[in-house]
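For reference, the structure is listed below as structure tokens.
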Amino acid sequence: MDKLLNLFTASGIYNISAGQALMIAIGLLLLFLAIRKNFEPLLLVPIGFGGILANIPEAGLALSAVENAVHFAKPEVLGMLAGALGVDSTDPQALLHAYKAASHTLHTAATDVALDAGYNNGMLYNFYLVAIASGAAPLIIFMGVGAMTDFGPLLANPKTLFLGAAAQFGIFATIMGAVALTMTGVMDFSIQDAAAIGIIGGADGPTAIYVASLLAPHLLGAIAVAAYSYMALVPLIQPPIMRLLTTEAERKIKMHQLRHVSKTEKILFPLVLLILVALLLPDAAPLLGMFCFGNLMRECGVVDRLSDTAQNALINIVTIFLGLSVGSKLSADKFLDLETLGILVLGVVAFGIGTACGVLMAKIMNKLAGGNAINPLIGSAGVSAVPMAARVSNKLGLEANPQNFLLMHAMGPNVAGVIGSAVAAGVMIKFVG
Amino acid sequence: MDKLLNLFTASGIYNISAGQALMIAIGLLLLFLAIRKNFEPLLLVPIGFGGILANIPEAGLALSAVENAVHFAKPEVLGMLAGALGVDSTDPQALLHAYKAASHTLHTAATDVALDAGYNNGMLYNFYLVAIASGAAPLIIFMGVGAMTDFGPLLANPKTLFLGAAAQFGIFATIMGAVALTMTGVMDFSIQDAAAIGIIGGADGPTAIYVASLLAPHLLGAIAVAAYSYMALVPLIQPPIMRLLTTEAERKIKMHQLRHVSKTEKILFPLVLLILVALLLPDAAPLLGMFCFGNLMRECGVVDRLSDTAQNALINIVTIFLGLSVGSKLSADKFLDLETLGILVLGVVAFGIGTACGVLMAKIMNKLAGGNAINPLIGSAGVSAVPMAARVSNKLGLEANPQNFLLMHAMGPNVAGVIGSAVAAGVMIKFVG
Amino acid sequence: MDKLLNLFTASGIYNISAGQALMIAIGLLLLFLAIRKNFEPLLLVPIGFGGILANIPEAGLALSAVENAVHFAKPEVLGMLAGALGVDSTDPQALLHAYKAASHTLHTAATDVALDAGYNNGMLYNFYLVAIASGAAPLIIFMGVGAMTDFGPLLANPKTLFLGAAAQFGIFATIMGAVALTMTGVMDFSIQDAAAIGIIGGADGPTAIYVASLLAPHLLGAIAVAAYSYMALVPLIQPPIMRLLTTEAERKIKMHQLRHVSKTEKILFPLVLLILVALLLPDAAPLLGMFCFGNLMRECGVVDRLSDTAQNALINIVTIFLGLSVGSKLSADKFLDLETLGILVLGVVAFGIGTACGVLMAKIMNKLAGGNAINPLIGSAGVSAVPMAARVSNKLGLEANPQNFLLMHAMGPNVAGVIGSAVAAGVMIKFVG
Amino acid sequence: MDNLLSEGLNLMVFGMGFVFVFLTLLVFSTGVMSKLVNKYAPASEPKPQRSKSNPKVQSAGAGAKNDELIAVMTAAVHKYRS
Amino acid sequence: MDNLLSEGLNLMVFGMGFVFVFLTLLVFSTGVMSKLVNKYAPASEPKPQRSKSNPKVQSAGAGAKNDELIAVMTAAVHKYRS
Amino acid sequence: MDNLLSEGLNLMVFGMGFVFVFLTLLVFSTGVMSKLVNKYAPASEPKPQRSKSNPKVQSAGAGAKNDELIAVMTAAVHKYRS
Ligand code: NA
Ligand code: NA
Ligand code: NA
């Protein structure tokens with residue numbers, strides 16, 4: 001009878017909090033959006049599922065050994081944790097607070113206490129350590145993205161790189177938005193938080209996760225969910241802005257066919273980019289280095305089996321664990337917060353500003369080029385969100401003129417946007433990391 | 001000359017013990033069974049080979065750094081190990097005993113001493129740490145199994161879940177068998193050992209390895225070998241029991257064709273199962289969570305590349321290292337023990353009881369349904385051992401009536417058995433973990 | 001303004017050293033050789049790229065947390081590092097020296113200080129830890145090579161194993177070369193260094209990396225680059241030696257067609273080899289054990305999906321990280337050294353001596369067999385460098401006699417050379433490891 | 001000893017009981033789910049798979065030829081991959 | 001607070017500036033690279049791909065048949081791999 | 001120094017010796033293994049591979065056509081996988 005009671009008091013149904021139930025519902029919503037609405041399903045299926053797992057009451061899948069120990073709150077364990085962390089109180093909240101702020105050495109000491117007491121890291125927490133805290137997963141995915149990227153359209157018209165630069169203004173404007181929210185007392189973001197939130201405007205999933213894991217790991221869940229959701233919403237977010245900022249005549253501009261780009265140029269481009277990174281912004285070296293490496297494997301033509309693996313088995317494996325790990329940050333106590341709301345609002349603003357700046361830059365470039373050379377619609381593709389944003393440019397072009405195929409022209413700014421946000425990421429890591 | 005002597009005294013032929021020779025022979029036997037008799041070769045080839053590697057004298061491939069240090073037994077190292085572990089004696093056996101019982105902190109201290117003295121973990125020990133001690137490999141394999149499982153037949157006839165429940169009685173009966181052996185003084189199993197042995201009756205490899213790694217890691221080798229061997233022997237173990245418990249008339253019963261199951265049902269099923277787990281048995285969440293995740297990836301239709309990878313590259317990679325890691329537990333000093341014999345005997349009993357209970361439950365359900373609706377032969381498939389047990393049901397059905405195709409009907413209880421044993425695993429982890 | 005200056009003083013262009021610029025040029029040269037000249041591109045593309053990444057100024061991608069902390073040289077951090085490492089001086093060079101020589105415990109203490117101070121391992125350093133320092137990557141690649149190797153030609157004519165033995169003399173002669181350079185005061189190699197350099201003569205990449213990582217990790221970069229470069233140069237290095245040592249008549253010798261080898265022989269061979277290793281040379285067990293395991297998976301015919309994965313996804317993934325990790329050892333401060341020059345010279349000598357000994361042994365065997373049975377050209381294939389060396393034998397055979405196809409005959413000594421150098425590796429690890 | 005027995009009995013009774021409770025609830029939930037799905041989101045007719053390629057193929061030759069084609073292809077693919 | 005504002009402004013100005021500087025340099029370097037490549041290592045005519053297999057195939061049947069073949073094969077391969 | 005020389009010599013002599021001893025034993029063991037296998041478990045005639053599909057294929061068309069088929073398929077498979 002005792003056992004039965006034990007089983008019941010340890011069950012989810014007895015322990016579930018309103019927050020956990022809500023987060024499970026949010027996880028199901030993400031799955032619905034991914035499966036039925038095709039919202040970036042490769043990431044949102046694992047993230048949504050991981051979010052549900054992270055909120056299973058009493059399972060502690062997303063908690064570290066120390067957090068699990070605090071959750072079960074045996075007085076003698078709490079006492080030893082307080083000793084290890086050097087705090088006076090054995091209040092669980094105070095312990096968790098001290099644990100989060102702890103240096104590496106104190107963190108290790110607390111972990112030793114928890115392991116000695118028989119508590120373990122949850123499964124998702126281990127996935128998080130290996131995939132994200134190590135920095136490995138976003139970098140490996142970036143390598144795979146590099147191996148999937150064709151820089152041909154960019155090389156045919158390198159000036160489209162300016163569009164990829166302009167669209168990054170969304171990132172930096174959003175930082176100011178976060179600063180403003182803090183200064184008006186609505187929210188409380190540090191400059192690191194603000195930078196990590198801004199990167200949502202980069203419209204590039206792995207970059208956002210990488211930056212958030214370095215600058216603001218406690219916001220990672222909300223930032224990743226916002227980044228991928230808005231990337232999926234690009235076909236809804238961008239068109240009104242693009243129509244507002246362009247005239248019908250501009251949307252009708254037909255662009256010259258792109259020149260043929262030789263194999264040698266494609267091989268040399270990742271090396272040129274790498275050397276520029278090496279000379280100017282070492283902090284972007286991990287991201288752009290892996291990206292260039294993937295692209296070189298693709299183009300060099302002598303390591304096709306490695307390139308194949310980087311584009312398939314390896315990126316798929318890493319995506320599964322990255323998604324589950326991001327999901328682990330959707331636990332109720334971390335996600336259900338006013339800050340998450342702020343992040344979601346700021347994120348969509350970032351997308352909008354980036355889109356607008358890309359279009360405006362394209363208009364300027366068109367003016368400078370005589371007014372009939374560059375269709376401003378390709379500017380919006382500079383936010384990245386490859387290849388969705390380029391398709392949106394193409395679609396609006398076709399609406400204005402059924403013979404106006406902008407897809408290849410928009411691929412240039414589109415991949416430029418990936419480089420641009422990785423550069424922006426490097427700057428932010430350098431300044432506030 | 002000195003060197004030559006050195007080479008000889010360090011060679012395997014000079015150091016091999018009778019136990020190691022016997023275990024190498026057992027490894028070769030497992031390879032023979034796997035390759036020539038087709039006994040679950042995907043696992044038994046790596047396990048058998050790992051078993052041989054683990055018994056190479058002086059190579060210490062399956063030993064931790066501390067065990068290697070104790071093996072070479074330099075007095076000053078033994079002294080420091082004794083200090084680190086807080087024991088008085090420097091007797092190797094006493095040290096090993098203290099090391100096995102050590103808390104995390106003492107374990108780390110001993111490992112530091114061994115590493116400082118220049119000893120290292122053997123290759124297989126490292127594989128074991130990464131694949132099994134972390135809990136990752138069985139869970140990833142379960143995800144892949146989920147991605148390979150079609151719940152269509154189960155959804156068409158959900159009542160077959162009862163067969164998957166009944167067949168788990170083999171697990172719990174075996175626990176009592178292990179308890180009885182201990183109470184009569186024949187063997188000496190703790191309740192954790194008994195539970196881990198019982199799980200062999202679940203007829204599910206990854207579940208058995210997961211449970212054993214949590215409850216009784218010292219029995220892992222024998223339990224895994226028993227589980228996979230008996231799964232391979234299902235076509236020999238089950239038929240006599242099935243014939244004994246059913247009448248010719250019952251075996252001739254033809255079942256109705258299964259209804260068509262819609263895509264939406266298949267997508268929702270893993271989520272329904274996940275939420276039940278979340279509400280009722282959080283301790284089964286890692287196993288069933290990963291299983292449901294794999295199945296959702298399979299059925300949702302929008303992440304086929306992840307599902308493909310989970311079913312192929314990823315599960316194959318993990319299987320290789322899981323098998324070698326299990327093999328590392330076949331070292332002579334751990335495997336050659338009276339307990340192993342007990343485990344092998346109890347395991348086959350568990351299979352038999354599970355089979356019988358499944359068949360009996362099917363008979364009861366058939367009676368309740370009017371006597372001509374459910375062929376009791378499909379009950380035996382409830383032990384899992386997918387898809388072997390379902391094929392056995394089909395084969396006996398065809399023997400009784402050449403037009404009686406039971407395969408699809410038996411697939412329902414077959415996959416139900418996987419769920420059933422994972423639930424049983426969760427209960428045991430909850431109660432005695 | 002301050003920020004701008006900050007950005008500039010932290011940029012690569014401000015900080016780059018002549019050594020780093022030179023190493024980046026060497027990385028580009030390796031990429032050129034790999035991509036344009038087809039020098040073992042599967043390894044040299046990742047190694048070359050990793051070498052460039054490792055030399056990006058200020059990025060510290062190839063440095064450990066402690067090395068990064070020392071690089072930025074904050075006085076209080078240096079003071080704490082000196083305390084942790086137990087040295088008096090806070091001079092960066094002295095600290096790095098003490099760090100390299102530190103025991104496991106001191107190493108951990110220094111790492112804790114660096115992590116507490118906010119420094120982290122560089123990306124490539126982490127790859128190195130996981131892939132090479134753990135020993136895993138070369139072993140997994142060896143498993144994949146085993147799964148790709150057909151021992152049929154060797155089994156048809158097992159005497160060709162002697163050719164694989166003779167060609168290993170290159171290894172041991174090179175050790176004496178390194179000893180001689182040290183005794184004459186030109187360089188300063190320890191016996192471990194000499195052994196690791198010698199293994200270049202084994203003409204087998206993973207073996208060379210495995211041995212170097214155990215015996216002389218500081219020389220790993222140069223040894224790996226030399227090994228792969230010379231393997232790519234086999235068609236240039238070997239022919240003059242082969243022509244010098246053989247007569248036109250010998251080169252014209254046609255060999256008997258090889259007998260058919262049964263499946264059972266192919267399955268048993270890796271087991272026979274494994275048991276010999278177990279009995280005679282436990283120190284070669286990791287390398288040859290994984291090799292035999294891969295080959296057994298290939299030949300046994302019941303685990304094709306594991307064998308496929310070992311030959312494709314798994315080996316490709318590991319190759320990517322192995323290559324980048326080796327590249328991390330090409331940082332200017334470690335690579336630009338007189339020793340590297342010595343290694344490059346000794347390596348080519350090793351290849352030459354190995355080739356010569358293989359040919360001479362084949363001549364002796366031909367004499368003993370009556371003078372018209374064994375074409376001495378197949379002896380050079382005994383160095384391994386599979387399958388390049390066998391192709392060279394074939395090419396020279398065809399030059400002498402357009403009907404003389406030696407390829408299959410040369411495959412025997414070719415794979416024998418792999419076994420031979422792994423055995424030599426085991427002996428060296430045993431004696432000086 | 002006695003303790004071990006009672007623990008074992010407990011584990012058997014509650015364990016087996018829980019497995020049945022859980023799977024009974026699963027039978028029930030699955031049934032409800034299926035009913036709801038078939039009521040509110042009934043599946044369209046199960047489509048004959050690969051309907052697009054079949055006509056093309058059939059217009060090009062008899063069925064026997066296709067089987068043969070597929071057999072050869074499978075062999076080729078198999079060879080390629082192994 | 002004030003500090004946060006100035007930090008944010010700094011980050012915006014220098015960050016955005018740096019992104020433009022970097023990408024401008026990349027435009028320039030890429031242009032130089034492309035010019036050098038096309039001057040010193042001009043690409044040969046872009047070869048029509050799979051030119052070797054095409055003649056063979058075309059001699060063996062009409063183009064329509066090939067499409068069909070490839071369709072069937074792709075399906076078979078797809079089936080095989082999934 | 002002297003020590004290094006003797007260590008080097010030792011390593012060379014014993015190392016090379018051991019490699020020869022080991023491979024000699026391997027030659028011997030392999031020979032014994034092969035003899036036993038061919039005596040007690042002689043291989044059946046080496047089967048011409050794909051003998052099952054060949055007749056089928058051959059009845060369906062000339063050999064030349066098959067080669068062509070396989071060429072196309074290999075190309076398709078290659079394309080599919082890369
Ligand atoms: Na972007
Ligand atoms: Na089961
Ligand atoms: Na060799």
*Work out which heavy atom in F/Met16 is nearest to a heavy atom in C/Ala165; give both atom names and the distance.*
CE-O, 3.0 Å

*Got F/Asn38 and C/Arg259 here, is their nearest side-chain heavy-atom distance under 4.5 Å?*
yes

*With chain F, which of C/Gly426, C/Ala180, C/Ala166 has the greatest number of heavy-atom pairs at distances under 4.5 Å?*
C/Ala166

*F/Met33, part contacting chain C, at a heavy-atom distance under 4.5 Å*: side chain

*Which atoms form the tightest heavy-atom contact between F/Leu25 and C/Leu276, and what is the distance?*
C-CD1, 3.9 Å

*Check each atom of F/Leu36 against the heavy atoms of chain C and say whether the ones under 4.5 Å are side chain, backbone, both or neither.*
neither

*asked:* I want to check something: taking the side chain as every heavy atom from C-beta on, are F/Phe22 and C/Leu273 in contact at a cut-off of under 4.5 Å?
replied: yes

*asked:* For the interface with chain F, which of C/Val423, C/Val427, C/Ile191, C/Val272 has the highest count of heavy-atom pairs at distances below 4.5 Å?
replied: C/Ile191

*Side chain, backbone, both or neither: which part of C/Ala424 has a heavy atom under 4.5 Å from chain F?*
both

*Closest non-hydrogen atom pair, F/Gly8 against C/Ile175*: CA-CG2, 4.5 Å

*Below 4.5 Å from any heavy atom of chain F, which atoms of C/Ala178 appear? Answer side chain, backbone, both or neither.*
neither

*asked:* Minimum heavy-atom separation for F/Met12 and C/Phe172, please, with both atom names.
replied: CG-CB, 3.6 Å

*Under 4.5 Å between any side-chain heavy atoms of C/Phe189 and F/Leu4, yes or no?*
no

*Considering non-hydrogen atoms only, spot the tightest contact between C/Leu280 and F/Phe18 and give its length.*
O-CZ, 3.8 Å

_At a heavy-atom distance under 4.5 Å, which candidate from C/Leu154, C/Leu155, C/Thr160, C/Val277 has the highest pair count against chain F?_
C/Val277

*Per-residue contact mode, C/Ser190 against chain F (heavy atom under 4.5 angstrom)*: backbone

*Can you name the closest pair of heavy atoms from F/Val37 and C/Ser262 and give their distance?*
CG1-OG, 3.7 Å

*asked:* In terms of relative ring orientation, are F/Phe14 and C/Phe431 parallel, tilted or perpendicular, with 30° and 60° separating the classes?
replied: perpendicular

